[in-house]
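Quick caveat: nothing in here was measured; it's all calculated off a predicted structure. As a basis for the values below, the full set of heavy atoms in this structure was taken, side chains included, without hydrogen atoms, waters or symmetry mates.
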Amino acid sequence: MARVSQEHLDARRRQILDGAARCFARNGFHATSMQDVLGECGLSAGAVYRYFAGKDELIAAIAEECFGAVRSAFAEAAAAVPPPTPDVLLAEVLLQVLDRVPLDGDRSASARLIIQVWTETLRNAALAGALEGGFAALRRIWADLVESYRAAGLMPEGPAADHIARTLIATAQGFIAQQALFGEVEVAVVRDGLRGLMSMTVPAEAGPAGG
């Protein structure tokens, strides 16, 4: 009997994950059955169960891909020298994240899947641990970027770097939630909005009356 190549095995696993991701993005993890996944993939139960013992393993694999997409996108964008400013960097990261999640280029569907993953962490301790670790890594990346901006004279000393990091991450999370809830929103909206906020100036305090 001819041996099945690793390339074939990887392609079949990818086929299963992509089909499951489409189902989960449409209906959520818990409203999706394994029969739904089989129908979406066009494969037999035996073919799917060869790779995944059940829905929980599929959810875990897809969640790890989502976490990995976010980590990789931030790490790659932050590695640029000199680092791009937050408006450019955050827009680039969002594009990479939404385009990497395997849902046929549908960014709103990708955002819905990411939201499903976040929600699942509220009941799944293993996924919650993975999300917490990823969040801590992103905070370190952004905090290091803030220090780089300050060293380059692009950002004055002020709030703690971690506070700025968490705010920028929250901006990305909020944009993904908007994509999931309201449909296609151009990533340029985030870039332009941040650019506008970054251009604000704080007026000098008025001196004492008559002084």
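Rounded to the nearest 0.5 angstrom, Ile59 CD1 and Phe29 CZ are separated by 5.0 Å. To the nearest 0.5 angstrom, Cys23 atom SG is 9.0 Å from Ile62 atom CD1. Put simply, CZ on Arg13 and CD on Gln15 are 13.0 Å apart, with the number rounded to the nearest 0.5 Å. Of the inter-residue distances, the one linking Gln173 atom CD with Ile114 atom CD1 reads 10.5 Å to the nearest 0.5 angstrom. Between atom CG of residue Leu89 and atom CG of residue Leu194 there is a gap of 10.0 Å, rounded to the nearest 0.5 Å. Here the straight-line distance linking atom CE of Met155 with atom CG of Leu145 works out to 9.5 Å at 0.5 Å rounding.
Taking the side chain as every heavy atom from C-beta outward, Phe52 and Met34 never approach each other to under 4.5 Å. The closest side-chain heavy-atom distance from Trp142 to Leu90 is below 4.5 Å. A heavy-atom distance below 4.5 Å is not found between the side chains of Arg150 and Pro156. Put simply, the side chain of Ile176 reaches to within 4.5 Å of the side chain of Leu94, judged on heavy atoms.
Without hydrogens or angle criteria, Lys55 side chain to Thr32 main chain gives a donor-acceptor distance under 3.5 Å. Proximity of a side-chain donor or acceptor of Glu57 to a complementary backbone N or O of Ala53 within less than 3.5 Å is detected. In terms of modelled atom types and a separation under 3.5 Å, the side chain of Tyr149 and the main chain of Pro84 share a donor-acceptor contact. In terms of modelled atom types and a separation under 3.5 Å, the side chain of Asp36 and the main chain of Ser33 share a donor-acceptor contact. Distance alone, capped at 3.5 Å, is enough to place a donor-acceptor pair between the Ser110 side chain and the Leu98 backbone.
Applying the salt bridge (charged side-chain N to carboxylate O under 4.0 Å, His left out) test to every pair with at least one member in residues 114-123, sequence neighbours left out, gives these pairs: Glu120-Arg123. Within the structure, the side-chain hydrogen bond (donor to acceptor under 3.5 Å, both in side chains) test picks out the following pairs touching residues 151-163 (sequence neighbours left out): Arg139-Asp162.
Residues Val146 and Leu154 share a single hydrophobic cluster, defined by chaining ILVMFWY side chains whose heavy atoms lie under 4.5 Å apart. Hydrophobic clustering keeps Val88 apart from Val97 (ILVMFWY residues linked when any side-chain heavy atoms are closer than 4.5 Å, directly or through intermediates). Linking Ile, Leu, Val, Met, Phe, Trp and Tyr whenever their side-chain heavy atoms come within less than 4.5 Å puts Val189 and Ile169 in one cluster. With hydrophobic clusters built from ILVMFWY side chains whose heavy atoms lie under 4.5 angstrom apart, Leu58 shares a cluster with Leu9.
Alongside Phe182, the hydrophobic cluster contains Leu181 (criterion: ILVMFWY side chains under 4.5 Å).
Shown here for Ala20 and Cys41, the closest heavy-atom pair between the two residues is N-SG, 4.4 Å. Contact between Gly183 and Ser108 at its shortest, heavy atoms only, is C-OG, 3.2 Å. A pairwise comparison of heavy atoms in Ala47 and Ile16 identifies O-CD1, 4.0 Å as the closest pair. The minimum heavy-atom distance linking Gln179 with Ala111 is given by the pair CB-CB, 3.5 Å. Nearest heavy atom pair, residue Ala143 against residue Ala165, reads N-CB, 3.8 Å. The two residues Ala130 and Glu64 have their closest heavy-atom pair at CB-OE1, 4.5 Å.
Glu132 CD: 12 or fewer foreign heavy atoms inside a 6.0 Å radius.
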Kindly determine whether Arg14 and Asp18 satisfy salt bridge (charged side-chain N to carboxylate O under 4.0 Å, His left out), including the steps that lead there.
-> CA-CA 6 Å; Arg14 180 78 269 151; Asp18 288 352; 2.9 Å; yes
Kindly indicate, with the supporting measurements, whether the criterion side-chain contact (heavy atoms from CB on, under 4.5 Å) is fulfilled by Arg191 and Val187.
-> CA-CA 7 Å; Arg191 182 199 63 211; Val187 172; 5.8 Å; no
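Thr85 meets the side-chain hydrogen bond (donor to acceptor under 3.5 Å, both in side chains) test with Asp87; sequence neighbours excluded. Evaluation of the salt bridge (Lys or Arg N to Asp or Glu O under 4.0 Å) rule for Arg26 yields Glu40 as partners, not counting sequence neighbours. Shown here are the ring pair (Phe, Tyr, Trp, His ring centres under 6.0 Å) partners of Phe175, two or more places apart in sequence or in another chain: there are none.
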